> 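This is the structure I want to talk about, given as C-alpha cells.
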Amino acid sequence: MCGIVGYIGKNARAYDVLIDGLKRLEYRGYDSAGVCLVGEHVTKTFRSVGKVAALEEKIGESDACAKAGIAHTRWATHGKPCMKNAHPHSSGKIHLVHNGIIENYQQLKDELTQKGYRFTSDTDSEVVAHLIAEENTTADFEEAVYNALSRIRGAYALVICHEDEPEKMIAVRNSSPLVLGIAEDAYILASDASAIVQHTNRVIYLDDGELVIVTPEKHKITNLRGKTKRKKEHALEWTEDEAQKEGHEHFMHKEIHEQPRAVEDAVRGRMMIDEGLARLGGLREVEDRLRAMKRIVIVSCGTSYCAGLVGEYMLEEYAGIPTEVEYASEFRYRKPLIDDCTAVIAISQSGETADTLAAIREAKNKGGLTLGIVNAVGSTIARETDAGVYNHAGPEIGVASTKAFTSQLAILALLTVYLGRQRNMSMTMGRRILTELKRIPQKIQHLCDDEKKYQRIAQKYAKYNSMFYLGRKYNFPIAMEGALKIKEIAYIHAEGYASGEMKHGPIALIDKNFPSVIIAPKDSVYDKTLSAIEEVIARSGRVIAITTKGTKEVERIADDVIYIPKTVEMLTPLLSVVPLQFLGYYAGVEKGYDVDKPRNLAKSVTVE
Ligand code: AGP
C-alpha cells in the first residue's frame with residue numbers, strides 16, 4: 001500500500017508535481033520516499049528513509065528541472081524500511097516505482113542473478129526493473145515491458161521510464177490501484193485521485209490487466225498483450241480544498257466534524273419519506289434479484305467490520321433477512337456456503353482492501369450476488385461488485401476511519417428500509433426510520449458542539465494503559481469501534497466487549513486502574529446495561545457512561561457521563577460513536593501522537 005506518482009508534461013517541472021503528489025499520498029505509507037527525474041540529457045534518482053519532507057531536503061534547485069519523472073512513498077512489505085529498499089528501483093536505463101507484491105519474485109530473482117544481475121535491495125519490486133532491462137536487450141522499451149509483464153505474477157501498479165526515451169512513460173495495473181489524470185499539457189499517474197485533483201478533474205481509472213503509454217501529447221491504453229482498449233473518462237467530484245485540512249489541526253478532527261454533512265450526502269436523494277421507501281440507484285439493476293435473496297453475508301475489515309455488525313442488527317430486526325458478518329480475511333479461507341440466493345455485501349471505505357476484495361471474488365466464484373458499500377469512487381471493489389452504493393463521504397485522509405463509518409451506518413439503514421419494504425416492513429415503519437435518519441445530521445452536530453467535554457474526559461483517562469468498552473445489541477459493535485479508535489490513535493489497549501459477557505471472565509480485570517466506557521442509551525436493553533455499570537462499579541472500576549439525554553440514574557453512579565440525543569434504537573449507533581471518536585482523538589492528542597498517521601498503520605491495506 002505504497003503511493004506512486006508519475007508525471008510527463010511540456011511545461012511544468014515534474015519535481016513540483018511529484019513531491020506535491022507524494023505528500024497527498026503519504027497516508028498510504030511513509031517508510032521511505034524517492035523520485036527519479038528523467039531529463040533530456042540526464043536522469044537523477046533521489047531516495048530517503050521516512051517522510052517526503054526528508055526527500056525534499058536532498059534535491060537541489062538545479063536537479064529539479066526535468067519535465068518527466070516518477071515518485072514513490074513506501075509502506076514496507078518485502079524488505080524492511082531502509083534506504084536500499086526505497087523506490088524508485090533501477091536496472092541500467094530502466095527506472096520504476098511499484099505498489100503491490102510480486103508473488104514469484106524469488107524465482108525470477110534467482111534466474112536474473114544467474115544471468116549476472118546484481119540486486120541492491122531486498123524488495124520484490126527491483127526484480128521487475130532487472131526483468132525489463134533483460135528483455136530490453138533484445139526488444140524495444142514497450143515490447144520489453146510487455147514481455148516482462150508476461151513473466152510476473154502478483155499485485156502491481158507500476159510506473160516505468162527509460163533514460164533513452166524521456167518523452168515516454170509506461171504504467172500498468174494489476175490489482176493495485178492506478179489513475180490517469182489528463183491535464184492541459186501533461187499527464188499525471190497516481191495511486192489515487194488525491195494526487196491529481198489539484199491539476200485536473202479529468203481522469204481515467206485503469207482496470208486490472210491494463211497498460212497505458214503516455215507521452216506529453218497523447219496516451220494509449222492496451223491490455224497486457226498490446227491490444228488497444230477504449231476507456232471512459234470520468235470527472236472528479238472532489239475539489240482541491242476538500243483534500244486540505246481547512247483549518248482543523250488534523251484531518252481526523254476535520255473528518256469527525258464533517259459527519260453531519262457526510263450523513264446528509266449519504267442519504268441525499270435516497271429517501272422517499274412519504275412512501276417510507278429508500279431509493280438506491282446503484283441497486284436498480286439487481287432489484288429483482290435482491291427481492292429473492294434469502295440471506296445476507298457482510299464481509300469487511302476493521303472499522304468497516306464494526307459497521308457490518310450494526311448492519312446485521314438492522315437487517316435482521318427490520319428487514320427480517322438472516323444476516324451474518326464475516327472478517328473478510330477469515331471468510332476467504334474458510335469454506336463459506338454461498339449460493340445464488342445469498343447477497344454478499346462488501347463494506348469498504350477505500351474500496352481497495354485486499355482481504356475484502358478477495359472475499360468478494362470468492363463469493364462471485366460461488367455465484368453469490370455481490371454488492372459494495374464503498375466510499376472511494378471508481379475503486380476496485382466498487383467496480384468488481386455486481387452493484388452497490390457509494391457513501392459520498394468525500395476523501396477520508398485520516399488513517400482512523402470516522403465519517404466513512406457513520407455514512408456506512410446511514411447507508412445500511414437505507415438498505416434496511418430498501419430490503420424491508422421489499423418484504424414485510426410497513427410504510428409507517430419505513431417512514432419512521434427515514435424521518436429519524438433525516439434528523440441524524442443535526443443531532444451529530446449537537447454532539448460535535450460538545451467536544452470540549454469529551455476533550456476533558458479524554459485528558460483525564462489518557463494515562464490509563466487498559467480500558468474496556470461495553471455495549472449491548474446495536475451498541476455492542478460501537479463498543480468494538482470505540483475500542484478500535486483509542487487503540488489505533490492513543491495506543492491504549494482497549495477491548496470492545498458485549499456487556500453481558502463481562503461476568504463470564506473479563507470482569508476479573510476490573511479495578512480502579514482499569515476504566516470502562518459503557519454505552520447505555522435508553523433502549524430496549526437499557527436495564528441490562530445499567531446492571532453492567534453497577535457490576536463494574538462494585539469492583540471499584542471507573543465508568544464513563546454514554547447515555548440518552550434525561551437519563552438520570554446513570555448520572556448518580558457513573559464517574560463521567562456523556563449524553564446523546566434521543567433517536568430510534570437502530571440509529572443510536574450513529575450518535576453514540578461520535579463521542580467515542582473524540583475520546584480516541586483527544587487521548588491521542590493528549591499523548592502527543594501523530595493522530596493522522598498512527599504508527600504501524602496505513603489508510604488502505606492493499607496486501608493480505
Ligand atoms: C480504521 O480506522 C482503520 N483505518 C482500518 O481498520 C480500516 O477500517 C480497515 O483497514 C478497512 O478499510 P476499508 O474500509 O478501506 O476497507
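Computed from a predicted model, the values in this text were never measured in an experiment. Ligands are counted one by one from 1 in listed order, and the atoms in each one are counted from 1 as well.
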> Under a 4.0 angstrom heavy-atom cut-off, which atoms of ligand 1 come close to S401?
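Answer, ordered by atom number: 1 (C), 2 (O).
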
> For the rings on H257 and F582, is their centre-to-centre separation under 6.0 Å?
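Ring centroids of H257 and F582 are less than 6.0 Å from each other.
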
> Could you see which bit of E352 sits under 4.0 Å from ligand 1, with heavy atoms only: side chain, backbone, both or neither?
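Neither part.
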
> Any idea which protein heavy atom is nearest atom 10 (O) of ligand 1, and the distance to it?
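Going atom by atom, the protein heavy atom closest to atom 10 (O) of ligand 1 ends up being V605 CG2, 3.9 Å.
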
> If you round to the nearest 0.5 Å, how far is OG1 of T385 from CD1 of I360?
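Between atom CD1 of I360 and atom OG1 of T385 there are 6.5 Å.
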
> Return the closest protein heavy atom for atom 3 (C) of ligand 1 as residue, atom name and distance.
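Here the closest protein heavy atom is E488 OE1, 3.6 Å.
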
> Just jot down the ligand 1 atoms closer than 4.0 angstrom to any heavy atom of K485, in number order.
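What qualifies from ligand 1 is 2 (O).
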
> To the nearest 0.1 Å, how far is atom 8 (O) of ligand 1 from its closest protein heavy atom, and which atom is that?
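Residue, atom and distance for the closest contact: T303 N, 3.0 Å.
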
> Give the atom numbers and elements of ligand 1 that come within less than 4.0 Å of a heavy atom of A400.
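Every atom of ligand 1 under 4.0 Å from some heavy atom of A400: 2 (O).
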
> If you take all heavy atoms of D31 and P81, which pair is closest and at what distance?
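Residues D31 and P81, closest heavy atoms: CB-CB, 3.6 Å.
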
> State, without any angle test, whether T303 and K485 hold a side-chain donor-acceptor pair at a distance under 3.5 Å.
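Judged by distance alone, the side chains do pair up.
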
> Tell me the nearest of S300, C301, G302 to atom 11 (C) of ligand 1, using heavy-atom distances.
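Checking each option, the heavy atom nearest atom 11 (C) of ligand 1 is found in C301.
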
> Regarding K403 and E255, does a basic nitrogen lie under 4.0 Å from an acidic carboxylate oxygen?
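No salt bridge links K403 with E255.
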
> I'd like to know if V399 contacts ligand 1, where contact means a heavy-atom distance under 4.0 Å to any ligand atom.
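Yes.
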
> List ligand 1 atoms under 4.0 Å from S304, heavy atoms only on the residue side.
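Atoms satisfying the 4.0 Å criterion: 8 (O), 13 (P), 14 (O).
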
> Taking the six-membered ring of Y491 as reference, does the NZ or CZ atom of R599 fall below 6.0 Å from its centre and within a 45° cone about the axis?
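Judged by the rule (NZ or CZ under 6.0 Å from the ring centre, within 45° of its axis), R599 counts as positioned above Y491.
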
> Any atoms of ligand 1 less than 4.0 Å from a non-hydrogen atom of S350? List them with their elements.
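So the atoms of ligand 1 that pass are 13 (P), 15 (O), 16 (O).
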
> What's the shortest distance from atom 12 (O) of ligand 1 to any protein heavy atom, and which residue and atom give it?
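The closest heavy atom on the protein side is T353 OG1, 3.5 Å.
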
> Apply ring pair (Phe, Tyr, Trp, His ring centres under 6.0 Å) to residues Y454 and Y586 and explain how you reach the verdict.
CA-CA 8 Å; Y454 319 137; Y586 278 118; 8.4 Å; no

> Which ligand 1 atoms are under 4.0 Å away from a heavy-atom of Q349?
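So the atoms of ligand 1 that pass are 13 (P), 14 (O), 15 (O), 16 (O).
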
> Would you tell me whether Y585 and E451 have side-chain atoms, one donor and one acceptor, within less than 3.5 Å of each other?
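No, no side-chain donor-acceptor pair sits under 3.5 Å.
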
> Can an N or O of Q408 be found at a distance shorter than 3.5 Å from an N or O of ligand 1?
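Between Q408 and ligand 1, no N or O pair is found under 3.5 Å apart.
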
> Using distance alone, with no hydrogens and no angle criterion, decide if Q259 and T402 have a side-chain donor and acceptor under 3.5 Å apart.
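Their side chains do not contain a donor-acceptor pair, so the 3.5 Å distance test is not met.
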
> Would you check if the distance from the ring center of Y327 to the ring center of Y305 is below 6.0 Å?
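Yes; Y305 has its ring centre under 6.0 Å from that of Y327.
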
> What atoms of ligand 1 come within less than 4.0 Å of a heavy atom belonging to S348?
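Taking each heavy atom of S348 in turn, ligand 1 has 13 (P), 14 (O), 15 (O), 16 (O) under 4.0 Å.
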
